[in-house]
Amino acid sequence: MATKQLLRRQIKRAINALDHDIIATESHTISQVVRSLIASVNARRVACYMSMDKGEVKTGEIIKNLFSDGQEVFLPRCTHTSESKRFKLREDHHPHLIFHRMGSLKMVHDLKPQGPYKLKEPEPHIEEADKLDVVLVPGVAFDTKTGARMGHGAGYYDDFFQRYEIHHQGQRPLLVGLCLVEQVTSPIPLEKHDSPMDCIVCGDGSMHWFK
């Protein structure tokens, strides 16, 4: 576990030091690749994320493209089993994600920052996602050799993937990790609950498939 924590700190330091223009350029490249990927797999219901101010792929252009191309767009809200009353995957109450359907780009722009990361999140009353075709996944580090992903450590996404599989009898959406070049590392220490990606899209325009 210490190795994983150390690696997370090292990668975070490196990407937090990146120039804004580098992140913007890589994010634009990723958005173009993602647009083609989603069209190629004929995905209709796509979950994305609202990017942090720094340290990860910017998703504004991706979300705009999704609406332009006619996809149904879903964004995450951070909650907790003690608040949502959803079933627990561990012995104690713990954080988890719920994805909500965004009806328009304006609806996205009008979201207010909230939750543990102070990101723009949907309100609880907005329609929740049931079945999804693709989930665009953030992370701190990705291994383009194996599909391994390392998040921020709270387990939000791995928890969501596990819940989804339970709810849909073992099926899950296509998991696509979005990765700045500077976030690529190998190997990534994994635990039994960590979900590998089906595909990783990198800031240099490359796509790496694992299924």
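Quick note: numbers below take in every heavy atom, side chains included, and nothing from hydrogens, waters or symmetry partners.
- The pair R35-D69 counts as a salt bridge, with a side-chain nitrogen and a carboxylate oxygen less than 4.0 angstrom apart.
- Contact of the L7 side chain with the K4 side chain is not registered, since no non-hydrogen atoms from C-beta on lie closer than 4.5 Å.
- Scored by the side chain to side chain donor-acceptor pair (under 3.5 Å) test, R77 finds E83, H100 as partners (sequence neighbours excluded).
- At a threshold of 4.5 Å between non-hydrogen side-chain atoms, the residues I188 and T146 do not count as touching.
- Note that CD1 of I126 is 6.5 Å distant from CD of E123, once rounded to the nearest 0.5 Å.
- Partners of R163 according to the side chain to side chain donor-acceptor pair (under 3.5 Å) rule, which considers only residues two or more places apart in sequence or in another chain, are D159.
- For the side chain to side chain contact (heavy atoms under 4.5 Å, CB included) test, residues two or more places apart in sequence or in another chain that qualify with L119 are M52, Y117.
- Between the side chain of S104 and the main chain of M107, a donor-acceptor pair closer than 3.5 Å is present.
- Residue C48 holds its SG atom at 8.5 Å from CE of M50, rounded to the nearest 0.5 Å.
- The backbone N or O of K64 sits less than 3.5 Å from a side-chain atom of S68, completing a donor-acceptor pair.
- Annotation: side chain of L97 is not in contact with side chain of T79 (no heavy-atom distance under 4.5 Å).
- Side-chain contact check for P173 versus D133: every heavy-atom pair is 4.5 Å or farther apart.
- Rounding to the nearest 0.5 Å places CG of L132 at 13.0 Å from CZ of R172.
- No donor-acceptor pair closer than 3.5 Å links the side chain of E26 to the backbone N or O of V57.
- Annotation: side chain of V73 is not in contact with side chain of V46 (no heavy-atom distance under 4.5 Å).
- Residues that satisfy the side chain to side chain donor-acceptor pair (under 3.5 Å) test with D53, not counting sequence neighbours, are absent from this structure.
- Using a distance-only test at 3.5 Å, with no hydrogens or angles considered, no donor-acceptor pair links the side chain of S31 to the main chain of E61.
- V140 and I11 get closest at one heavy-atom pair: O-CG2, 3.0 Å.
- For P187 against P189, the heavy-atom pair with the smallest separation is O-CD, 3.9 Å.
- At least one side-chain heavy atom of K131 sits less than 4.5 Å from a side-chain heavy atom of H168.
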Can you check side chain to side chain contact (heavy atoms under 4.5 Å, CB included) on V176 and V135, steps first, answer last? CA-CA 6 Å; V176 180; V135 180; over 6 Å; no

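- Note that the CZ atom of R149 and the CG atom of L178 stand 10.5 Å from one another [nearest 0.5 Å].
- Between I200 and F210 the shortest side-chain heavy-atom distance falls below 4.5 Å.
- Taking the side chain to side chain contact (heavy atoms under 4.5 Å, CB included) definition, one finds that E72 meets it with R45, F74, R101, sequence neighbours left out.
- At distances below 3.5 Å, at least one donor-acceptor pair connects side-chain atoms of H80 with backbone N or O atoms of S82.
- Checked for salt-bridge contact, E121 and K112 miss the test: no charged N lies under 4.0 Å from a carboxylate O.
- Interatomic distance, D110 CG to K106 NZ, rounded to the nearest 0.5 Å: 3.5 Å.
- Counting heavy atoms from C-beta outward, I15 and K54 have side chains that stay 4.5 Å or more apart.
- Residues passing the side chain to side chain donor-acceptor pair (under 3.5 Å) test with D158: none are found, sequence neighbours excluded.
- Side chains of K145 and H208: a donor-acceptor N/O pair is absent below 3.5 angstrom, by distance only.
- The distance from the NZ atom of K120 to the OG atom of S51 is 10.5 Å, given to the nearest 0.5 Å.
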